[in-house]
Amino acid sequence: MTSITGAQLQQTGGVSIGDVLNNLPQVANTFSQSNSTRFLGTAGLNLVDLYGLGPQRTLVLVNGRRHVGADILNNAVSTDINTLPTDLIERVDLVTGGESAVYGSDAIAGVVNFVLKDHFEGLQAHAQGGVSSRGAAGAYYASILAGKNFAEGRGNIAINLEYARQNQYLASDVNEFSRADGFVVTDTDPAGAVNGSDGIPDRTFMRDIRSATISLGGNILFPQANGGPGICGKDKNGAAFSCGYVFNGDGSLVPQTGTRVGLGPNGSFIGGNGTTGREGALVQLLPQLDRYSANLIGHFEVSPAFVPFIEASYVRTNSFGSGNSGPAFFQGQTLDGFYENPELNNPYLSSQARSVITQQILASGLNPNFPTTKVALTADDLASIADGSFRFPLRENLLDLGVRSEAAKRETFRIVGGVRGTFNTDWKYELSANYGEFKERTRVQGNLNVQRFLLAMDSQRDGSGNIVCGSKLDGGAGYTAVQGGDLAGNPARLAADIAGCQPFNPFGYGAVSQAAKNYVLQDTTSVGKITQLDLLGSISGSTRGFLNLPGGPIGFSFGGEYRRETNYFRADPLVSAGYTFYNALADFTPPAFEVKEAFGEVRVPLLKDIFLIKELTATGAFRFSDYKGGAGSVWAYNAGVTYAPVEDVRFRAAYSRSVRAPNLTELYAPQGQNFAPTFSDPCAARQIGEGTQYRAANCAAAGINTTGATPFDYIYSSSLEILSGGNPNLQAETSDSYTYGVVVQPHWVRGLSLSVDYYNIQVSNVITSVDAQTIVNQCYDSPSLSNPFCGSFRRDNASGSATGTPFRIVEGSLLASPLNYAQLRARGLNSAIAYVHSIGDNMQVNARAIWTHQFENTSFTDPTNSSYGDTTVGEIGSPKDAVNVNVDFTVGKFFINYEGRYLSKQSVTAYESLNSFQGRPAQNADYSDHLYYQSVMYHDIRVGVNVMKDSMFYIGVDNITDKLPPLGSVGIGNSTDANGGTGIFDNKGRYFYSGINVKF
C-alpha cells in the first residue's frame, strides 16, 4: 500500500489532485486534465487508472465507501477525482491487487481510498495561483475549512468550501506548440521484409508540417498521372504528387507553397501557405475548468455504542473543452459526397478560381474526385466541365464556424448517513446509507447542422441575379432527388430548412456571412444522470474474551451490502436524429444495476514473540455477490500471511480472486455512430508490408489490387465511421492477484523504512470491444480470410459504387461490441524508501522515493489466438520504470519541498513494431528515424515560511528545467498515440505559483 498525505498532494502548482495522483508511478495517465478531451463528453474529467488496466477496474472510495461515478459517456462507474475536497483530505491510500472480497466489484487492479479529516478544529483559509513562464495555463484555488469539536470532544463538525479554476490552454498560446512538428511517412516496406524493415525509416521527424489535404479556406488537389512529368513533384518511389491549391481570404485560388515531403499522391508540406492545424483554438492543451465544492462531515458520540455520523457534499464543475477535435470539416466524401463538392458554376466561385480549376483538371486529364485511383476524365465529365455543372472536391476545415466545443455543467451530490458504535469491549458495528447522484448537461456550441449545410452549399443565382440556395428555386426537388429527402425522414423539417436557407460561401477563410453562420450552426444540449444507492452493514471484533491463540485473539468482520445504480443519457434530438456533425448518439435508458452481497474477513494471529517469529498472522476474506442480470452469482475471496522473524523485518504474501461485473454501458449501450481515429487500411499499398506474412495474399484474395502502377492506396485523412454498442449477455470478469513483499525498518537507523512488493495481476474473461483497426488488421493478417473478423465490415465493390473509391471500407459498416474473451496481465515491482531525521531542535529532513518497475503489461485480445499478446511496457504512456522522489527540509520557520519525477524511455509506436515479443519478430523495425521518446526527469521545488503556527506563505516552481513534450507531442495524444499516452508528459513547461495557508 502507498499512502500520500493531503499536504503532499498540495506541494504543486496544479489545482487538480487527480493530476497529482496521475503522476504517481503506479497510476497510468489515462484521464488527466490534458488528455481528457479525447472523447465525446469527457473534457475536464480526471479518472484514476492503476497499472493501466482501465479506470473501470480501479475502485475509488471515500472513507472506505463507494462514490458515485461521473463518466456517463465513458463507463458510467468511475469517480471524477475533481469532485473530492482538496483541503479536507487527510491522506490517500493506494492498494495494489484485487480487493473485491473486501470492497466488492471493480477492485481488479486495486483500490484508491480517500480518507477525510474527521476531527478538524479551527478556521483555515487557503489560496493559491499560478501561471506558466509563457503566460499561459493560469490556475487558481481558494478554500475555507472550518471545524469544531464539541461536547468535550465527543462530537465534531467540519465544513469545507472550495473554488478552483484552470484556464483554457491552447497550442496557439505558445510558440513551441503553435508550429506543427511530427512524423511524416516517407517510405514503405515491401511485403515480406525481414522485421518489416527495408533499412530506411518509414517516418521522418520534421518541423513546421502543413497539411496537403485540408486548409482553413479550402483546398483542392489535382491528381497527376504517375507516368507523367510530375509537374508538382514525385515522391521517392516515383509516384506523382497531386497539385495542391488553396483559397485565399479574397476567394482567389493559388498554388500551395512549401517543400513537398512524404509519399504521393498527397504527402505534406514543410512551411508555406498551408494549414498547420494549430491555428486559433484548433488544439486545446487543457480544457477550461471551474470547480465549486461544498462538503460537510460530522459525528456525535451519544454513547460509545451509538455514534451517528454524516458526510454530505455538493460539487459543480463547469468545463469547456475541445481538445484536438477541431471544427466541422469536409473533404469530398465526408458528409454526402455530392453537395459538399461545389459546382464550377457556383456563384461564389471567382472567375479566376474557376479558370484555374478548369485548366488544372483538363491539363491532368484526371477526375479530381478520385485522387488515389486516378480515374481518367470521361466524355460526360468534359461536358459537365464545359457547362459548369461539374462538381469538384473541396477540402476545408471550417474554423470560420468556430471549434466544436463542449460546455459541460456537472453536478454531483452525495450524502452518507449512519451510526457506528462499540460494544462487548472491542466489538464494533456500523450501519450506513450512501446515496450519490450525478447530473450532466452538455451544450455543444456551434454544432454544424449537416442538412442545412448541404442545402446552403448548393448556391445558385435566381432570375434577378441574387445568390440563393438552389433548393428554393426547385422547391427542394433537386436536394430530395439526390439525398432521398430529409436526413431523418421528416419532410416538415426539410421544408422549414429550405424556407430559411442562407447560401454558404466556402471559398476562403473569412468568406462566410453571418447569416449563413446563424443558419448552419445550432447549439445542441445533451443530458445525463447517474445514481448510486449503497446500503452497508458490518460487525467487527475479536475473540479476546473467549479465544486466544498463541499469537493473540482472532479478529473478524462480517456484513452485508445492497447496491443499486442507474444510468440515463439523452442526446439533443438534432444529434440523435443524425442532423449534426457529431456522433448520432442514441438515448440510453438501461434497467437498473442491482447486487446483494454478503462478506466476511478473518485475521488469525498464529504465533508471536518466540525465536525467529516475532509475528505470524494469516488473513482471509470472502464476498458472495448476487447480481441482477447475466452476471448472476459470483464469489470473491483472498488469503494472506504476514511473517516477521524479527521486529525489523516483515514479509507479506497474499492471493486474491476478484470480480468485476459488467457495467450498464457495457451491457446496454445502444448501437450508435462512432469513429475510429487515426485509422489506416491494412490493404493500402503503404501498409501492405507492415503486417504478417499473410497480409498481402489475403488482400489480393479479396480482389484488392496491391501491386502494379496504380495499387489501392486509400488514405484516411480523418477517421473511419463505425457502429458500437453494448452486449446484454456479458458475464463478470475475474482476476487472480498475487502479491509478495518485504518491509524493513532497521532499529539501528531510526526513521528509515524500506519496502519492496511484487505484484502479479491476471484478469480473465475480460470485457472488451475489438477496436476497428484490430478488426480490419486481423481480417487480413490471419492465415486466411476464413476468420470472424472479415464478416465484421464491408468493402465497396470494384467500381466504388457506395463510396466513390473502389474497395474502400464502407463507412458505418463496421460493428464493434463488447465480448468476454480477453485476458490482461500486469506484473511488476513497487518499491518505496522513506527516511525521517531530525537535526538538532529545529531542523528535520523527510525524504521519500517510490519506484515502479514493470515486468509485464500485456493484453490478450485476439479471439482467434488466446496466447497472442500485445504488450504496452515501454510504450508511450507506460514506461518500464517510473520514480517519484520527495524531499522536505525544515529549518525553524522555513521549509523547502522538492519533488523529482523520472520516466524511462518510451517507444513512439508499439513495442512489437520495434522488438521481438513472444518469439515473434519485430513487425516494423524501421518505423521512424526516432524510435523512442528519451527518458526525462522533472524537477519541482517549493519554498516557504511558517509565519505562525499552522500558517504559511510559499512560492514554487514546477518543471524548473522547462521540459516540454518531445518529438512534436502536445500531451493530449497524436497520430502515433491514439490512446493519449503523451499525457504523461508535462505540457505547461516551467510553472510559477504562490500561495498562503492561514489557520486561526
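Everything quoted here is computed from the prediction, not taken from an experiment.
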Could you give me the CA-CA distance, side-chain angles and deciding distance for Asn760 and Gln762, then say whether side chain to side chain contact (heavy atoms under 4.5 Å, CB included) is met? CA-CA 7 Å; Asn760 183 342; Gln762 303 175 18; 3.3 Å; yes

Nearest 0.5 Å, what's the [atom1]-[atom2] distance between [X] and [Y]?
{"X": "Tyr140", "Y": "Tyr163", "atom1": "OH", "atom2": "OH", "value": "9.5 Å"}
{"X": "Asn663", "Y": "Leu667", "atom1": "CG", "atom2": "CG", "value": "7.0 Å"}
{"X": "Thr543", "Y": "Asn548", "atom1": "OG1", "atom2": "CG", "value": "5.5 Å"}
{"X": "Asn156", "Y": "Asn149", "atom1": "CG", "atom2": "CG", "value": "4.5 Å"}

With [X] via ring-ring contact (aromatic ring centres under 6.0 Å, His included) - residues at least two apart:
{"X": "Tyr429", "value": "none"}
{"X": "Phe438", "value": "none"}
{"X": "Phe114", "value": "none"}
{"X": "Phe150", "value": "Phe300"}

Can you check whether [X] reaches [Y] side chain to side chain, under 4.5 Å on heavy atoms?
{"X": "Ile761", "Y": "Leu53", "answer": "yes"}
{"X": "Val62", "Y": "Arg414", "answer": "yes"}
{"X": "Asn113", "Y": "Val115", "answer": "yes"}
{"X": "Tyr103", "Y": "Leu61", "answer": "yes"}
{"X": "Val27", "Y": "Leu94", "answer": "yes"}

All side chain to side chain contact (heavy atoms under 4.5 Å, CB included) counterparts of Ser656, not counting sequence neighbours: Asn638, Ser658, Ser737

Residues forming a side chain to side chain contact (heavy atoms under 4.5 Å, CB included) with Ser319, sequence neighbours excluded: Leu289, Ala408, Arg410

Kindly write out the residues that satisfy salt bridge (Lys or Arg N to Asp or Glu O under 4.0 Å) with Glu99, not counting sequence neighbours, or none if the list is empty. none

Could you tell me whether Phe413 and Tyr314 have their ring centroids closer than 6.0 angstrom? no

Where do Leu730 and Pro818 come nearest, in terms of heavy atoms and distance? CD2-O, 3.7 Å

Assess, by modelled atom type and distance only, whether the side chains of Asn886 and Asn897 contain a donor and an acceptor separated by less than 3.5 Å. no

For [X], which residues count as a side-chain hydrogen bond (donor to acceptor under 3.5 Å, both in side chains) partner, sequence neighbours excluded?
{"X": "Asn997", "value": "none"}
{"X": "Thr531", "value": "Thr566"}
{"X": "Glu90", "value": "none"}

All pairs passing salt bridge (charged side-chain N to carboxylate O under 4.0 Å, His left out) where residues 623-636 contributes a residue, at least two apart: Glu561-Arg623, Glu594-Lys628, Glu597-Arg623

With sequence neighbours excluded, give me every ring-ring contact (aromatic ring centres under 6.0 Å, His included) pair touching residues 42-61. Tyr51-Tyr759

